Protein chains: 2
Amino acid sequence: MSEITIKYLAQKLNLATSTVSRALNDSHEISETTKRKVTELAKALNFQPNAYAKGLRQQKTKTIGIIVPDRVNPFFNLVIEGAESICRANGYSLIAYNSYEDVEQEKKIVYGLLGGKVDAVIMSLADEEKEAQHLEWLRERNIPVIFFDRVAQHLEGFKFTTNDQESSYLGTKHLLEKGCKKVIYLGLSHTSSVGAARREGFIQAHQELGKALDPACLMEMGHNDKENQEILEKMFFKLTRPDGVLAAAEKLGLAAYRALIKTRIKVPDQVRVVSFTNMQMADLLNPPLSTIAQPAFDMGSACALELIKGLKDKKVDLSEEKRIIIPSVFTPRESSR
Amino acid sequence: MSEITIKYLAQKLNLATSTVSRALNDSHEISETTKRKVTELAKALNFQPNAYAKGLRQQKTKTIGIIVPDRVNPFFNLVIEGAESICRANGYSLIAYNSYEDVEQEKKIVYGLLGGKVDAVIMSLADEEKEAQHLEWLRERNIPVIFFDRVAQHLEGFKFTTNDQESSYLGTKHLLEKGCKKVIYLGLSHTSSVGAARREGFIQAHQELGKALDPACLMEMGHNDKENQEILEKMFFKLTRPDGVLAAAEKLGLAAYRALIKTRIKVPDQVRVVSFTNMQMADLLNPPLSTIAQPAFDMGSACALELIKGLKDKKVDLSEEKRIIIPSVFTPRESSR
DNA sequence: ATGAAAGCGCTAACAA
DNA sequence: TTGTTAGCGCTTTCAT
């Protein structure tokens with residue numbers, strides 16, 4: 001590794017290692033002269049303190065871990081980016097882990113995370129319901145954890161989510177008010193808290209506007225994009241086809257849109273589509289789609305900010321239940337043609 | 001941190017810490033009985049060795065760093081994913097860093113990386129031409145580095161790239177052979193090796209097929225999506241508009257496609273578009289676009305594989321010049337309508 | 001204002 | 001086969 005150490009600097013300057021250490025850490029009990037000499041030599045030799053020695057000695061690493069179920073997903077990707085920006089601004093490093101939607105993998109990461117590699121963790125869970133032994137284990141070890149998006153159901157703590165139900169409600173209301181007679185809901189999983197909330201908002205809008213809702217309109221889709229598209233194509237070919245779509249995930253919105261193109265149905269003139277998405281993708285989506293954009297980056301930075309605040313300020317108890325809502329942004333769009 | 005240590009295990013079992021350490025590392029000089037006792041207790045207490053102590057002692061961390069210019073970009077994102085899968089399979093951790101296309105940031109990361117945080121580095125450079133002091137510094141410190149995509153021009157080493165020129169040549173040839181009379185090239189920067197190669201392939205195709213090439217057709221675009229789209233819209237409105245587009249970046253392909261939709265020009269009937277992209281996005285792009293897809297995931301895994309091989313096998317010299325090509329996949333598409 | 005020395009948790013010589 | 005001991009590079013009492 002880097003062969004130049006504090007000891008080496010101390011020898012060169014005829015000082016004790018402790019003095020050099022203090023000088024580098026800008027201790028008040030070191031003379032300005034010595035400080036200058038030390039920092040100058042350190043800069044000249046491009047000295048980098050050994051992070052592992054520091055971590056071992058201080059029992060903290062100035063590193064935060066973030067675990068997401070799918071790092072490739074732009075939403076999580078942007079959350080990581082947002083968290084990283086805050087960490088960097090506060091002198092922390094961020095290490096991102098991918099649980100691949102698998103609780104076992106998540107456990108491995110959590111247990112491996114320890115060994116003192118991180119001071120705290122930001123998590124979006126692979127499974128909100130399942131056993132949370134590994135989370136309790138973190139708590140026992142006094143590793144602060146903050147949850148976002150897919151939050152722990154059976155454990156108290158800070159939880160950052162979006163206003164899923166409200167957004168879904170607004171999007172659905174928009175469709176109904178624009179005159180849609182038959183609106184379908186496309187969801188991925190209503191067992192997750194996120195899925196359940198979006199589904200609830202959809203139902204709520206129908207109830208409040210006094211519109212009948214055929215249970216068959218609540219559609220649960222799979223993860224295979226091709227299959228989803230085929231199912232939707234068949235549906236749009238029928239005469240009884242819907243004239244409104246609320247897609248609870250970006251990929252479902254895209255699948256619906258592509259199915260509509262394939263079946264030569266005009267969007268939004270014949271069928272209106274509202275899709276959940278995230279800020280970055282919102283502008284890339286073709287203009288005829290209305291979007292409910294999650295401020296992913298902001299969510300990441302908010303989590304990191306709160307976590308670092310809790311790390312510094314002992315008065316903040318990160319293990320007490322607290323729910324913070326980062327609101328989505330609904331953008332209705334008309335055709336640009 | 002984790003309060004349970006080797007010392008604690010040793011006390012519980014009336015053994016020396018060294019014995020416990022050896023048992024946990026499956027040393028041959030420890031009896032099966034002792035091994036079993038130790039591993040059982042370790043598992044029961046969910047003991048995790050302190051990574052920092054280990055790293056400090058062994059002077060290696062079983063961790064690899066990867067630095068990319070833009071982590072959010074799906075291409076780099078997938079490279080990271082590919083590298084991570086290989087690392088994980090080989091017992092290594094991967095830490096991803098974002099240089100934000102900024103050499104200064106990149107330097108900070110490189111220098112900070114040291115302090116013994118990683119054993120080796122995979123990089124795609126923020127700037128291929130600029131001063132490579134930080135890279136030479138890594139070399140002096142015997143930290144192996146492998147480059148991909150945006151590779152070092154003034155430093156020897158292992159370099160993974162795609163067959164940019166050939167792909168670009170094939171894509172352009174496809175357009176010309178399909179009867180396009182005026183093909184434009186949309187590039188982001190021809191100072192990068194990648195940009196230059198793609199531009200070269202475009203020119204080469206024109207030459208080999210004996211087609212005249214108006215220099216005005218070699219367009220250099222900016223990073224602002226909106227501006228790009230507006231420029232292209234204006235161009236497509238003109239009577240002298242091109243009937244073929246080779247987009248050297250995914251975002252440029254999208255900009256062109258959206259401009260074509262806006263100007264109501266049919267793709268691919270009136271204008272054909274070939275766009276560079278990556279495997280994951282290829283299927284998401286609307287079918288009328290032909291794609292040159294880079295196997296980003298494979299590139300990441302190839303880099304990691306070679307690096308780990310070099311780390312294990314002292315016979316492999318990672319500092320000698322070696323260029324490895326991971327070929328792109330060209331998929332011509334006709335309209336699906 | 002500076003130095004000496006202990007120790008974070010682990011591994012690896014060297015001893016037994 | 002197991003134990004003793006030193007030391008990785010750093011910070012932090014405690015002395016001076």
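Naming convention: chains lettered A, B, ... in sequence-line order (proteins, then strands); numbering from 1 in each chain. Note that the structure is a prediction, hence the values are computed from the model and not measured.
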Applying side chain to side chain donor-acceptor pair (under 3.5 Å) to A:E101 and not counting sequence neighbours gives A:R150
Rounded to whole Å, NZ of A:K117 lies from P of C:dC10 at a distance of 14 Å
Ranking D:dT4, C:dG3, C:dC10 by distance to the side chain of B:N50, first place goes to C:dC10
Ordered by number, residues from residues 31-45 of chain A within less than 4.0 Å of DNA chain C (heavy atoms) are A:S31, A:T34
B:L15 atom CG is separated from D:dT4 atom C1', nearest whole Å, by 14 Å
* Asked: D:dG9 phosphate, OP1 or OP2: any side-chain N/O from B:Q59 under 4.0 angstrom?
  -> yes
Rounded to whole Å, NZ of A:K62 lies from P of D:dC10 at a distance of 18 Å
Sorted by chain and residue number, the salt bridge (charged side-chain N to carboxylate O under 4.0 Å, His left out) partners of B:E32 (sequence neighbours excluded) come out as B:K35
note: A:L24, atom CG; D:dC10, atom P; distance rounded to Å ~ 9 Å
In short, ring-ring contact (aromatic ring centres under 6.0 Å, His included) pairs touching residues 106-126 of chain A with sequence neighbours left out are A:Y111-A:W137
Distances for protein N or O near nucleotides 12-16 of chain C N or O, under 3.5 Å:
residue, atom, partner, partner atom, Å
C:dA12, O4', B:R57, NH2, 3.4
C:dA13, N6, B:R22, NH1, 3.3

Which of D:dC10, C:dG3, C:dC10 is nearest the side chain of B:T5? It is C:dC10
Original post:
Just checking A:I6: base, sugar-phosphate only, or nothing, at a heavy-atom cut-off of under 4.0 Å?
Top reply: sugar-phosphate
(message) Are B:F160 and B:F148 an aromatic pair, judged by ring center distance below 6.0 Å?
(response) no
In whole angstroms, the gap separating P of C:dG9 from CD of B:Q11 amounts to 12 Å
When rounded to whole Å, the NZ to P distance for the pair B:K54 and D:dG9 reads 19 Å
Taken in chain and number order and not counting sequence neighbours, the residues that satisfy side chain to side chain donor-acceptor pair (under 3.5 Å) with B:K159 are B:E321
In whole angstroms, the gap separating C1' of C:dC8 from CD1 of B:I4 amounts to 17 Å
Return a table of donor-acceptor pairs under 3.5 angstrom between the side chains of residues 91-99 of chain B and protein atoms on other chains or two or more places apart.
residue, atom, partner, partner atom, Å
B:N98, OD1, B:Y100, N, 2.9
B:N98, ND2, A:E81, OE2, 2.6
B:S99, OG, B:V68, O, 3.4

Regarding the side chain of A:P49, the nearest nucleotide among D:dT2, D:dC10, C:dC10 is D:dC10
Please table the atom pairs, donor to acceptor, closer than 3.5 Å between any side-chain atom in residues 12-24 of chain B and protein atoms at least two apart or in another chain.
residue, atom, partner, partner atom, Å
B:S18, OG, B:R22, NH2, 3.3

Taken to the nearest whole Å, NZ/A:K60 to P/D:dC10 is 17 Å
Q.
Regarding A:E40 and A:K37, does a basic nitrogen lie under 4.0 Å from an acidic carboxylate oxygen?
A. no
By salt bridge (charged side-chain N to carboxylate O under 4.0 Å, His left out), B:D313 pairs with (sequence neighbours left out) none
5'-most contact on DNA chain C (nearest-nucleotide basis), A:L56 vs A:H28, goes to A:H28
